[in-house]
Amino acid sequence: LKEEVYTLQHELLEDRTKVKALSEELENPSNTHRWRKLEGADPSTYEMLQKIQALQKRLISKTEEVVEKDMLIQEKDKLYVELKNILARQPGPEV
């Protein structure tokens, strides 16, 4: 029984030593190759506002382009329907 208590105390001491070593390693890591420092910085508020305004202007211009192209498509569609109706009224080869 005394030997078992001694063995368990010895194992407990070893485990405590391991835990202490790992805790110290975690607090003060010596292996600096595990990570890398990221370069860059957050843009300032003014830069962000400038970027937002530029994107809004771009969005407005793209929206205007889409509206113009949509109007062109509607005009072409009307012309197609008109030409189709004119062609339907033309006499065919059966005459």
Side-chain angles (χ1 to χ4, degrees):
L1 186 63
K2 286 183 181 182
E3 287 181 27
E4 190 176 337
V5 169
Y6 176 76
T7 307
L8 290 175
Q9 283 179 343
H10 185 68
E11 288 178 12
L12 180 63
L13 184 61
E14 286 178 355
D15 288 341
R16 282 184 179 166
T17 307
K18 286 181 186 177
V19 168
K20 186 176 181 184
L22 290 173
S23 297
E24 288 176 2
E25 174 67 25
L26 189 62
E27 289 175 10
N28 301 318
S30 60
N31 186 5
T32 57
H33 300 291
R34 283 187 283 179
W35 64 83
R36 59 190 163 94
K37 188 168 182 110
L38 296 177
E39 298 295 325
D42 290 336
S44 68
T45 306
Y46 178 70
E47 290 172 343
M48 292 294 284
L49 288 174
Q50 282 183 324
K51 191 167 189 167
I52 288 171
Q53 286 178 345
L55 289 172
Q56 285 175 338
K57 287 178 183 177
R58 189 170 160 204
L59 178 63
I60 289 170
S61 68
K62 292 293 182 183
T63 304
E64 289 172 354
E65 286 178 25
V66 167
V67 168
E68 289 173 10
K69 288 185 179 187
D70 193 37
M71 288 173 55
L72 283 172
I73 289 172
Q74 287 177 358
E75 288 176 17
K76 300 287 182 187
D77 196 35
K78 276 185 187 177
L79 181 62
Y80 167 74
V81 170
E82 288 175 15
L83 290 174
K84 187 176 165 186
N85 288 338
I86 291 172
L87 190 61
R89 285 186 252 139
Q90 295 278 330
E94 65 272 352
V95 173

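One-based numbering along the sequence shown.
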message: Taking the side chain as everything from C-beta on, heavy atoms only, tell me whether Tyr6 gets closer than 4.5 Å to Lys2.
response: no

field: Test item: Glu75 and Leu79 side chains (from C-beta on) under 4.5 Å apart, heavy atoms
entry: no

- prompt: To the nearest 0.5 Å, what is the distance between OG1 (Thr17) and CG (Leu12)?
  reply: 9.0 Å

field: Leu13 side chain reached by Gln9 side chain, heavy atoms, under 4.5 Å
entry: no

- prompt: So how far is it from Leu72 CG to Asp77 CG, rounded to the nearest 0.5 Å?
  reply: 12.5 Å

task: Determine whether more than 12 heavy atoms belonging to other residues, nucleotides or ligands lie under 6.0 Å from atom CG of Asp42.
output: no

field: Approximate separation, where rounding is to 0.5 Å, of His10 NE2 and Asp15 CG
entry: 10.0 Å

- request: Can you measure from CG (Leu49) to CD (Gln56) and round to the nearest 0.5 angstrom?
  value: 9.5 Å

- request: Run through Arg58, Glu64, Lys57 and flag the one making a side-chain contact (heavy atoms from CB on, under 4.5 Å) with Ile60.
  value: Glu64

message: With a sphere of 6.0 Å drawn around CD of Glu14, does it hold more than 12 non-hydrogen atoms of other residues, nucleotides or ligands?
response: yes

task: Could you tell me whether the side chain of Val81 reaches within less than 4.5 Å of the side chain of Lys84, counting heavy atoms only?
output: no

message: Does Glu65 have more than 12 heavy atoms from other residues, nucleotides or ligands lying within 6.0 Å of its CD?
response: yes

message: Quick check: do Leu8 and Glu11 have side-chain heavy atoms less than 4.5 Å from each other?
response: yes

